[in-house]
Each structure stands twice: as C-alpha cells, then as structure tokens.
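First the proteins, then the strands, lettered A, B, ... as listed; each starts at 1.
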There are 2 protein chains.
Amino acid sequence: MHTKNINTHLTEIKDYFKAAISVDCVIFGFDENELKVLLIESDLKEYKGKWSLLGDIVHPDEDIESAAYRVLRERTGLEDVFMEQVQAFGGLNRHPAGRVVTIAYYSLVNIQHVELKTLQNELHWHAVKDIRQMAFDHKDILATCYQRLQHKVIDQPVGFNLLPKKFSLRDLQNLYEAILDVKLDRRNFRKKFFAMDYLVDLNEEEQDVRHRPARLYKFNQDKYDLQHKKSLGF
Amino acid sequence: MHTKNINTHLTEIKDYFKAAISVDCVIFGFDENELKVLLIESDLKEYKGKWSLLGDIVHPDEDIESAAYRVLRERTGLEDVFMEQVQAFGGLNRHPAGRVVTIAYYSLVNIQHVELKTLQNELHWHAVKDIRQMAFDHKDILATCYQRLQHKVIDQPVGFNLLPKKFSLRDLQNLYEAILDVKLDRRNFRKKFFAMDYLVDLNEEEQDVRHRPARLYKFNQDKYDLQHKKSLGF
DNA sequence: ACAAAAGTGTTGGCCTTACACCCATGC
DNA sequence: GCATGGGTGTAAGGCCAACACTTTTGT
C-alpha cells in the first residue's frame, strides 16, 4: 500500500501549491438592542446584490491571523479588538474563481467606535436575526460563528467588547438576551454579575433618560485575567 | 482609501493561487488507561527523528473534510469514525517546503479496530501526557486538539468512541479520568451516567479478571440523538 | 480466608430559580 | 401625580460533592 504524508514526503508537493487561502471576518456589533453583523455588497456577477462577509486573500508573507486583523482594520479602522478563529471552510466549489479555502474569524467590536471605510455605501450593519440570504457559503459561516459566540459568552465574559466603556446593567442584560435569544430574570442576572466581581461601579448615572437613571459600570479586565476563569452558566 | 475584498473583486486573485492546503489528523485512542495519539516518524531532514501528526496535502478535487477522512482511512483502515475540525494553523514558516496552511482535525477511534498501515514500523501510538517534542508546529496543534477534546467530553458523550462496544463503568471512568486528568468519585460518576440513560446493560460480565467481574454496558447512540443534548458537567 | 475491585444511598451545602414591591426621575 | 424603568431580598427545590460498608469472585 502506498500512502503519502506531507509531513514525511516532500517530492510531490510542488504540484499542489495552487490553492488560495482567504480569511472571512464575522464582525459583530450591538446596537438598538440587537446583535448586528457588518456585511458588504458583493460585486461578483454570480452573487450580484447579495451580501457577503468581509474577507480577503491571505498575502504570501502574511500570517492568517494578521490577514484577518488587516481586513478588520481596513474596513473599520479598529485594532486590538477581540477576535477569535472559528474554523476553515473548504468546500470544493465555494468560490467561483477557483479553489479558495477560507478561514473564518469572528470579532466583537463597539459599534460606536467603528468608522466604516466605505466607497459607495456598500457596507452595512445587519441584524443577525433578520439575515436570510448571503453570497457564497457565508450563511453557513455566519451561523457557525454565531453559535461559537453563543457558547463563548456563556463561558467567558467577552460580551463587554460589544458595549461602550460605560454601560448600565440593563444594557448588559439586553446584550446577553440578544446574543442568546432568551429572556433572563433581572434580579438573578444582577446577582450573577455582581457576584463575579468583574464590574466596577463608576458612581455615574445615565443621562437624558426619561425615567430613573441607571448606574453605570465598566468591566475590570485585569481582575478577570487574574481570577480563575469560571463559567457564567446561563 | 483602497480596500480589497475577495468577495467583491476578483481580478487580482490569480496571483495568489500559490499556497498549499493540508490536513493534519490528531487520532486519539485509549489503551492501558492512557489517552494515546497516533504519530509518524518524520523523514524530513529538518525534523529527522521527530514525530509528527498524520497529514497530507488536500487534493485539488477534494473537500478538506474528505481529505482528513482519507488520511485516516489510509493509515488506520477506519471509516465512519468520530472526527471534528478544530481550526486552521497558518503561521508563515510552519512548513519548510513553502506556504502550507493546515487544517487540524481530531478523531476518536477504538484502538483495537485500528490496523496500522505501516511501511517500516514508523507509526506508533504515544501516550499524550508523555509527548515532549514534535516536528513542525505539531505540538501546538496537538495541544489545541486535546483541549478541544477535554471540553467536548464534558459537553457531549463522545468518549464512547474511544472504547470497545462493550465496556464496564470502570473502563468509562478510567477514560474520563485520563482525558480530563482528574480523579472522579466512583459513586457520583455512576449516578451521573445512569441518570443520563445512555447506557444499555448487556447483562454480561467481564471475563478473566481475578476479582469480582464488572457488568458490561454499551452506549445507546439513538437515545442520545433523540434527547436534548445536555451537558455532562464534570 | 484473604485480596481486589464492584456495587450501592444518604446527607449537607450550595447554587439556581421564581417571584413583588418600593424608588428615582422626567414630564 | 403618573408613567417608566431602576433597584432590591428571600424562600424552596434541585444539583453536586463528600463519604463507608457490603458483595462477589479468584486464588
């Protein structure tokens, strides 16, 4: 039996250096109590009018993670935001131009900080729950990344990345309810977060609300980094 | 500002079809109460004598998942076993032959069913906890896949894939203790698994043990598939 | 009879859930 | 003063962790 292994035999490999690697970024934001994702209109004739994720080919001298950060930076102006690889998508005919294997990342951004780098208004935030059709296999990619996010926020306090620096507990709860698509009990939610001790009371209040203003908090990243990272368990 | 997007602009792509895609399989087995992984000796001069994962280039007409299954089949003779993609590894100089982005998979196999397809005895099962050095970035890949496995067995009953069809509760506990690297309470462990109702009592006993023989069970996959897949929570 | 591992229940503490009233502010 | 959402505590039940003795088999 003849078996090959790229890790032991090199001679036949040269013929195979013909694929392209891309990254696709699922950029999540939170606005108007909805989870949003940043999409771009596709110009490709095959997908005319459909929305697609932000992505690009990985350059020859570029790490895949760097490529993902580059895409993010070029489109949103943001750096140093939360980003995580999800997985590769490598179906045979997923891209009309040829064999393109894409690596999917998702990132969590404060939607207020984003300055869209747009040419003809072709970039838009879409409510995740309203998205029906997308170009390529991007609906799959989005769904997989969204699932990953849902698991992640249960496990670790990453949701803060989607909020402004100062936020109320109501904001935080709205965020979790939007991501997980559940209703949560207000008192128990507060208890849980105060018990975790990651919130810093800023002794400030909301402005311009026409009811009793809520206290504002910020997230204490350092405290979280120190402690054993235990599950939030919703 | 000029930004590119593979999902909207195609003209410049051709130049980039020069990378290679590979898959690397972390094939886990369980034997002598230890978690093992199947490795092959590297022939590459750069990694002479080091052990590496089983991997291969993804063929042009081949899905990445199919490629992973092919590697598994060619080396172990197995098909239809548990396998899951973990993530891509795309560091710049991870392969001496050029730009090779690899997609890592792990699979769980019954080590008794494996017939190693070996040419010069270059394939071996290694205890995961004893592995020190590996070729390429394979130690990273293994570590990432092992972590994923640890989370997975807590979440879903996939451990059965590593055991023979018939097993005792002691076998099952040994497996979980090996994977999670913890000691578990025997009574609570039994309670938990009986409560989940995934085990079928075969009304058989161990043979050839020099103490009281344990009852044998099998896993009821169908029952699991039907129920809501709830966490095992160790 | 002895060695070795299998098998079996109960209790206490903790964590989770469910639930209702008063408070501060803007209009 | 009224409408709106903010803020707070407690009790009951379920879940998990800790723990020791008896049973079965081989030698």
Side-chain angles (χ1 to χ4, degrees), chain A residues 32-34 153-157 163-164 166-178 180-218 227-234, chain B residues 32-34 153-157 163-164 166-178 180-218 227-234:
Chain A
E32 296 170 321
N33 291 338
E34 284 188 310
V153 296
I154 289 172
D155 225 59
Q156 287 171 43
L163 292 176
K166 304 177 179 187
F167 52 86
S168 68
L169 271 170
R170 165 62 61 184
D171 294 333
L172 192 58
Q173 184 174 343
N174 286 340
L175 174 67
Y176 276 85
E177 291 184 341
L180 298 174
D181 194 26
V182 291
K183 279 282 165 215
L184 299 171
D185 180 271
R186 197 158 95 255
R187 277 176 287 193
N188 294 334
F189 183 84
R190 295 172 153 262
K191 229 180 306 171
K192 185 167 290 186
F193 269 87
F194 287 136
M196 289 190 315
D197 211 31
Y198 301 146
L199 294 179
V200 181
D201 188 336
L202 293 171
N203 284 311
E204 294 180 55
E205 292 183 338
E206 288 178 316
Q207 302 295 327
D208 302 320
V209 289
R210 38 180 202 179
H211 54 74
R212 177 176 174 180
R215 302 178 75 83
L216 296 178
Y217 298 85
K218 67 170 183 177
Q227 297 180 33
H228 290 124
K229 310 177 177 185
K230 65 173 177 179
S231 168
L232 283 72
F234 285 99
Chain B
E32 296 170 321
N33 291 337
E34 285 189 310
V153 295
I154 289 171
D155 226 59
Q156 288 171 41
L163 292 175
K166 303 176 180 187
F167 53 85
S168 67
L169 270 170
R170 164 63 60 182
D171 294 333
L172 191 60
Q173 185 174 341
N174 286 339
L175 173 68
Y176 277 84
E177 290 185 340
L180 299 174
D181 194 27
V182 291
K183 279 283 165 212
L184 299 170
D185 180 89
R186 199 159 89 255
R187 277 175 287 192
N188 294 335
F189 183 85
R190 292 169 157 263
K191 229 180 307 173
K192 185 167 290 184
F193 270 88
F194 287 136
M196 289 190 316
D197 212 32
Y198 300 146
L199 295 178
V200 181
D201 188 335
L202 294 170
N203 284 310
E204 293 181 56
E205 292 183 339
E206 287 178 315
Q207 301 297 325
D208 302 320
V209 288
R210 37 181 203 177
H211 54 74
R212 177 175 174 180
R215 301 179 74 86
L216 296 178
Y217 299 85
K218 68 171 182 176
Q227 296 180 34
H228 291 123
K229 309 179 176 186
K230 65 173 177 181
S231 167
L232 283 71
F234 284 99

(message) Under the rule for side chain to side chain contact (heavy atoms under 4.5 Å, CB included), what residues qualify as partners of A/P213, not counting sequence neighbours?
(response) A/E205, A/E206, A/V209
(request) Any chance you could list the contact pattern along nucleotides 8-21 of chain D? Use B for base contacts, S for sugar-phosphate-only contacts and - for none, protein heavy atoms under 4.0 Å, 5' to 3'. (result) BBB------BBBB-
(message) Restricting to side chain to side chain donor-acceptor pair (under 3.5 Å), what partner residues turn up for A/E32, sequence neighbours left out?
(response) A/K36
(message) So, taking the atom named CZ in A/R170 and the one named CZ in A/R186, what distance separates them when rounded to the nearest 0.5 Å?
(response) 5.5 Å
(message) Among residues at least two apart in sequence or on other chains, which ones pass side chain to side chain contact (heavy atoms under 4.5 Å, CB included) with A/K166?
(response) A/L202, A/E204, A/L216
(request) List for me each residue that meets ring pair (Phe, Tyr, Trp, His ring centres under 6.0 Å) alongside A/F167, sequence neighbours excluded, and say none if there are none. (result) A/F160
Extract from the structure each pairing of a protein N or O with an N or O of nucleotides 25-27 of chain D at less than 3.5 Å, listing the distance.
none

(message) Rounded to whole Å, please give me the gap between CG in A/L172 and P in D/dG7.
(response) 12 Å
(request) Measure the NZ-CG distance between B/K192 and B/L232 for me, rounded to the nearest 0.5 Å. (result) 7.0 Å
(request) Check every nucleotide of DNA chain C for an atom under 4.0 Å from a heavy-atom of chain A, then give the first and the last such nucleotide from 5' to 3'. (result) C/dT17 to C/dG26
(message) The criterion is salt bridge (Lys or Arg N to Asp or Glu O under 4.0 Å); which residues satisfy it with B/D181, sequence neighbours excluded?
(response) none
(request) Measure the shortest side-chain to side-chain distance between B/L199 and B/L169 over non-hydrogen atoms and say whether it is less than 4.5 angstrom. (result) yes
(message) Once side chain to side chain contact (heavy atoms under 4.5 Å, CB included) is applied, do any residues pair with B/N188, and if so which ones, sequence neighbours excluded?
(response) B/D185, B/K191
(message) Measuring only between side-chain heavy atoms, which start at C-beta, is B/L184 closer than 4.5 Å to B/Y176?
(response) yes
(request) Rounding to 10 degrees, work out the angle separating the end axes of the helix from C/dA1-D/dT27 to C/dC27-D/dG1 (five pairs an end). (result) 0°
(request) Return the set of residues passing side chain to side chain contact (heavy atoms under 4.5 Å, CB included) with A/N33 (not counting sequence neighbours), or none when no residue passes. (result) A/F30, A/N174
(message) Can you list everything that forms a salt bridge (Lys or Arg N to Asp or Glu O under 4.0 Å) with A/R215? Sequence neighbours excluded, please.
(response) A/D201
